[in-house]
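First comes the structure, then the notes that go with it.
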Amino acid sequence: MVANKKLPHKKWLLNFVIISCVLLIFIALFNCFADGVGLFRFAKGLKRVANSLMTGKMVAGPLGGFDERALQKLVVESYPSRRDVVTVGSSRNMHLRKRFLHGDQDFFNHSMAAASIQDYISVVSLYAIKGNLPKTVIISIDPWVFNKKNGMPQWWKYLANPYSKMVSDIYGQTTKVDLDHSARYRQLINLDYTIANYNYLRKGKKLRETDRADIDDFVREPDGSIHFPYRWRFKQDERPDYSPNAMPITYLNNFDTLSDLQFLQDFAKYLQKEGVKVVFLLLPFHPVAYKLFNDNPKYRIVIFIEDQLKDFARRNDIKLIGSYDPLKYGLTGRDFFDNTHGHEIVVQKVMQEYR
Amino acid sequence: MLFNSHFYIFVFLPLTIVLNFFLNRFRFFLRGRFLLLIASLVFYGWWHPAYVLLLLGSICFNYLIGGSIISRLAGKKGMYGHFSLAFGVVGNCLLLAYFKYADFFITNINLVSGLQIPLLRLLLPAGVSFFTLNQIGYLVDSWRGKIKEHDFPSYAQFISFFPYILAGPIVRYEEVVPQLTRLRNRLFDYKNASCGVYLFFIGLFKKVVLADTLAVWANQGFDTSATLTFVEAWITSLSYTLQLYFDFSGYTDMALGTALIFNIKLPINFDSPYKSLNIQDFWRRWHMTLGNFMRDYVYIPLGGSKVPEVHVLANLLITFLIIGIWHGAGWTFIVWGCMHGIAMIVHRLWKKCNINMPRPIAWLITFNFVNGAWVFFRAKDPGDAAKVLRGMAGLNGFTLPEALAKKLAGFQGYGVTFGEVLGSIGGNDRTFVWIIALLFVCIFLKNSNELAQSFQPNVVRLIFISVVAVLAILHLGSYSEFVYFRF
C-alpha cells in the first residue's frame with residue numbers, strides 16, 4: 001500500500017513542511033482575496049455606504065463583515081459641518097436615534113460592536129482632527145470597559161492614530177500607541193476569519209441602500225442608529241426576574257480591579273475644556289442580569305461603577321442619564337432580547353431624561 | 001514566550017534550529033551552546049525581561065552551592081555537605097515562598113490577627129516552581145554523589161533550556177546534561193526532527209483546538225455563573241478535567257517535541273492518566289516527573305514505606321500536602337492535596353484487604369474522585385468549589401430540554417425545570433458531543449507518546465500531521481496561556 005510505504009525521514013519532513021506551507025498559503029490567499037472585513041484593502045463599498053448615509057438614505061446589510069471603524073472614519077471625514085450631538089458606545093447603544101433628542105438636531109450615532117473607551121476616544125478624535133468637535137458628546141458607558149481582563153477584541157487599534165492624537169492632547173505629551181500590525185496579518189491564517197470570508201462569499205450579503213427599515217436584516221438609519229434583524233428585533237426575553245440559568249456576561253469575567261476609570265474621566269474633562277457638553281449615558285440591563293450584579297459579589301463592581309460615575313458627573317457638572325437598573329424605568333424582561341441588549345424602548349425611555 | 005504563538009512557531013523556533021545546527025555543522029560548538037543559552041533566556045524573558053536576572057541569579061547561586069558540595073565533599077556526606085545542602089534547599093524554598101506564598105501568608109495572618117498588613121502583590125515569575133525543583137533536585141543529587149562534575153555553561157543550559165523552563169517536565173541533571181554535551185547530538189538528525197515535529201503539532205492541536213474549546217465551558221461554569229444545575233455542574237467539572245489534561249499534556253508534547261528536534265529526549269509526563277484504575281495508578285500516569293520528584297526527594301527521605309505503617313500513611317499525606325501547596329498558594333490547593341493524600345491512604349489500606357474490584361467500577365470510582373478533586377484545584381475560592389459541588393450533587397435542581405416539557409411535566413414538582421440545559425455555561429448540544437468524544441479519546445485511544453513511539457514516516461502520518469498542524473495554526477488566535485503557567 002502506498003499509504004503505508006515508509007519514506008526516508010528527510011523526505012517525510014520536507015514534504016510535511018511543503019504541504020503545510022502550501023495549505024497555509026492557499027488559505028492566506030483566499031482570505032486576502034475575499035477580505036470581507038476590508039483589512040487588507042480598503043473595502044470599496046464603504047465609501048458608497050458613507051455617502052448613502054450622508055445623503056439621508058438607509059443602508060441594509062451585515063453589521064460585521066467590514067471594518068466598522070473605517071466606516072466611522074469615512075462618515076466623520078465626509079461630513080462638512082459641525083454636528084450638534086454625537087454618541088459613542090457599543091451595540092447596546094445602537095438604538096439611540098435622532099428622534100429621541102428634542103428639536104431638529106444634527107446627530108450621528110457612532111456606536112460600534114464591542115466598543116471600548118479607546119473606541120470612544122478614537123471617534124471623537126476624528127472630529128477633533130477635522131477641527132469640528134461636536135457641541136455635545138453622549139458617551140454610553142458599559143461597565144466592562146473598566147475591566148482590564150474583559151477579553152474584548154482590540155479593534156480600536158485600527159483607529160490608533162486618531163486615538164494617540166487625542167491622548168496626546170489630553171495629557172499634553174506625545175503618546176505613541178504600539179500598533180501591532182502583525183495582528184492584521186495574522187488574520188490571514190485564522191480559522192474564524194476564514195469561515196467569515198467563506199460565508200461572506202457564499203451568502204453574498206453586502207451592504208446596500210434601502211428605503212425600508214422593516215426588512216429582516218441590519219438596517220442603518222442615516223443618523224447611524226441600527227435596526228436589528230427580526231430574530232432580535234422581535235425576540236422578547238420572558239425569563240422570570242430571577243432564574244438560576246442567568247446567562248453570564250463574558251466581558252465581566254475576572255473583573256477584580258477597576259481600570260481606566262480615571263482615563264475616561266480625563267477624557268470627559270478634556271472635552272469640557274474644549275467647550276463640548278458631555279453626557280454620560282448608562283443603559284439598563286435585563287432584570288435577570290441586574291439582579292445578578294446585586295446578588296453575586298463577582299459582579300457587584302458594576303453597582304460600584306455606577307456610583308463612581310454618578311459621583312464624578314455630579315462633581316464635574318456632567319449630565320448623567322440612565323442607570324444600569326432596569327426597574328428604575330419600569331422595564332421587564334420583555335423589553336430585552338438578551339441580558340445586555342434592550343429593544344428600542346429601553347433607549348427611548350432613558351432618553352426622556354435627556355429632554 | 002508561548003509555544004502556541006505565531007512568533008514561536010514561524011520565527012523563534014525555526015531560527016534557533018537553523019542557527020544552532022549551522023554553527024554546529026561548522027564545528028562552532030561553543031557558540032552553538034551559547035546560542036541555545038541566549039535563545040532560552042530570550043524565550044524566558046519575553047514578557048518580563050527583568051526576571052531573566054532572577055533566573056540568572058538563581059542559577060549562579062545553585063551552581064556555587066552545587067559546586068561546593070561536589071568539589072569539597074567528593075561524595076562524602078560530612079557536616080559541610082549537610083550544611084551546604086540545607087542552605088541551598090532553604091534558599092530555593094525561600095525564593096519560591098517569597099514570590100508565590102507571601103501574599104497567602106499575609107492574607108491569613110491578617111485574617112487571624114485582624115491586622116492590615118498590605119499585600120505585596122508580586123508578579124509570579126514564570127516557571128519559578130519548575131526551575132526551583134530542578135535546582136533542588138540538582139543539589140540533592142550532588143549531595144548524594146550522583147553528580148561528579150559540572151561546568152557553568154552546562155548547568156546554565158540545563159536549568160534554562162527553553163522547552164521545559166516554563167512548565168516542565170521536571171528533569172534531572174544526569175538525564176539532560178550528557179545529552180546536551182554529546183557530540184553526535186549536535187548534528188541535525190532527520191529522524192529525531194520528524195518525530196519531534198510530529199509530537200509538537202499533536203501537542204499544539206491538543207492545546208489550541210481541544211483544551212481551549214473546553215476552557216470556555218469550564219471558565220463560565222467556575223468563574224461567572226451564579227449557580228449551576230445538575231447537568232451544568234457536571235459538564236463544568238468534566239470540561240475542566242479534560243481541559244487540564246489536554247492543556248498540560250499538550251504543552252508537554254510540545255516541549256518534548258521541541259527538545260527532540262535538538263536531539264534531546266526528555267522524560268514523558270503523561271501516560272493516559274484517565275485510564276487509571278486506582279489513585280496510585282493515576283499518580284504513575286499524571287505529571288509523572290513531579291510524582292517521581294516527590295517520591296525521590298520527599299517521600300523516600302521521609303522514610304518512604306520502610307517505616308512503621310502509621311508513619312508510611314503520614315508520609316503519604318505529607319507528600320501530597322506538599323504537592324498541593326506546590327501547585328498554588330490557596331486553601332483549595334491544600335484541600336486538593338489532602339484529598340489525594342487521603343485517597344492514597346485509603347488505597348493502601350484497601351490493597352491490604354486483598355479485595356479485587358471489577359475494573360469498570362474501579363475506573364469509575366477513580367475517575368470520579370479525580371474529577372471531583374479537580375473542582376477544588378480549579379476553583380478560585382472555596383465558595384466556587386462549593387457552588388460546583390452543590391450543582392453536581394443536584395442541590396440546585398435539574399434543567400431538562402424544553403422539548404421534554406410535555407412528556408415529563410410530572411417531574412416539575414421535584415426540582416426539575418425545563419429550558420436551556422447548559423445556559424449558564426454558554427454550552428449547547430455540541431458541548432455534549434465534545435465531552436463524550438474527548439472522554440472516549442482519553443480512555444480508549446493511544447496517547448501522543450504512544451503515537452510518537454510508533455512513529456513511522458509514511459504517507460498516512462504525513463497527511464495526518466499536515467492537517468493537524470494546519471488546523472492548529474488556524475486556531476492560533478488570541479492570547480491563551482497554559483493552565484500550568486500559573487503554578
Side-chain angles (χ1 to χ4, degrees), chain A residues 1-24 26-27 31 151-154 182-183 185-195 239 242-257 288 291-293 295-299, chain B residues 5-7 10 14 188-198 201 208-209 216 219-221 223-229 232 380 383-384 391 396-397 399 417 419-426 455-463 465-471 473-479:
Chain A
M1 287 260 307
V2 179
N4 286 325
K5 189 186 162 195
K6 204 171 164 185
L7 304 169
H9 284 282
K10 184 176 179 179
K11 193 174 175 185
W12 187 92
L13 190 60
L14 290 176
N15 280 337
F16 163 73
V17 173
I18 292 166
I19 292 172
S20 308
C21 288
V22 167
L23 284 172
L24 288 173
F26 175 77
I27 291 165
N31 282 327
M152 284 164 66
Q154 301 278 304
S182 67
Y185 293 104
R186 282 200 296 266
Q187 295 294 318
L188 285 173
I189 46 171
N190 178 283
L191 185 70
D192 291 337
Y193 192 56
T194 309
I195 292 170
R239 283 174 292 171
Y242 186 75
S243 144
N245 283 335
M247 185 71 183
I249 299 165
T250 321
Y251 291 159
L252 290 173
N253 285 358
N254 304 312
F255 198 169
D256 39 26
T257 42
V288 170
K291 180 135 178 55
L292 200 68
F293 299 158
D295 294 351
N296 192 332
K298 282 178 195 163
Y299 295 120
Chain B
S5 64
H6 291 91
F7 187 78
F10 293 113
F188 190 74
D189 181 328
Y190 281 99
K191 187 179 173 191
N192 282 342
S194 312
C195 198
V197 164
Y198 186 72
F201 281 106
V208 298
V209 180
V216 175
N219 292 346
Q220 298 274 35
D223 296 337
T224 58
S225 300
T227 55
L228 295 166
T229 62
E232 285 169 345
K380 284 183 180 158
D384 277 346
N396 293 331
T399 300
T417 55
E420 278 185 279
V421 179
L422 299 177
S424 287
I425 60 169
F455 172 73
Q456 294 286 331
N458 57 31
V459 175
V460 174
R461 303 253 178 166
L462 176 64
I463 294 168
I465 202 63
S466 301
V467 172
V468 161
V470 170
L471 275 177
I473 289 168
L474 288 177
H475 273 84
L476 294 177
S478 53
Y479 175 84

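Just so it is clear, the structure is predicted and the values come from calculations on it, not from any experiment. Proteins come first, then strands; the chains are lettered A, B, ... in the order of their sequence lines, and each starts at number 1.
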(message) Would N396(B) and T227(B) count as a side chain to side chain donor-acceptor pair (under 3.5 Å) here? Give the steps.
(response) CA-CA 7 Å; N396(B) 293 331; T227(B) 55; 5.3 Å; no
(message) Taking side chain as everything from C-beta outward and backbone as N, CA, C, O, which of these in A193(B) sits under 4.5 Å from a heavy atom of chain A? Side chain, backbone, both or neither.
(response) both
(message) Is I189(A) in contact with chain B via its backbone, its side chain, both, or neither, using a 4.5 Å heavy-atom distance?
(response) both
(message) Parallel, tilted or perpendicular: which one describes the rings of F16(A) and W12(A), with boundaries at 30° and 60°?
(response) parallel
(request) Check whether L14(A) gets within reach of chain B through its side chain, its backbone, both or neither, counting any heavy atom under 4.5 Å. (result) neither
(request) Under the side chain to side chain contact (heavy atoms under 4.5 Å, CB included) rule, collect the residues that match up with F26(A), sequence neighbours excluded. (result) none
(request) Can you sort out the partners of N15(A) under side chain to side chain contact (heavy atoms under 4.5 Å, CB included), two or more places apart, ordered by chain and number? (result) L7(A), K11(A), L462(B)
(request) Would you mind checking which part of F201(B) comes under 4.5 Å of any heavy atom in chain A, side chain (CB onward), backbone (N, CA, C, O), both or neither? (result) side chain
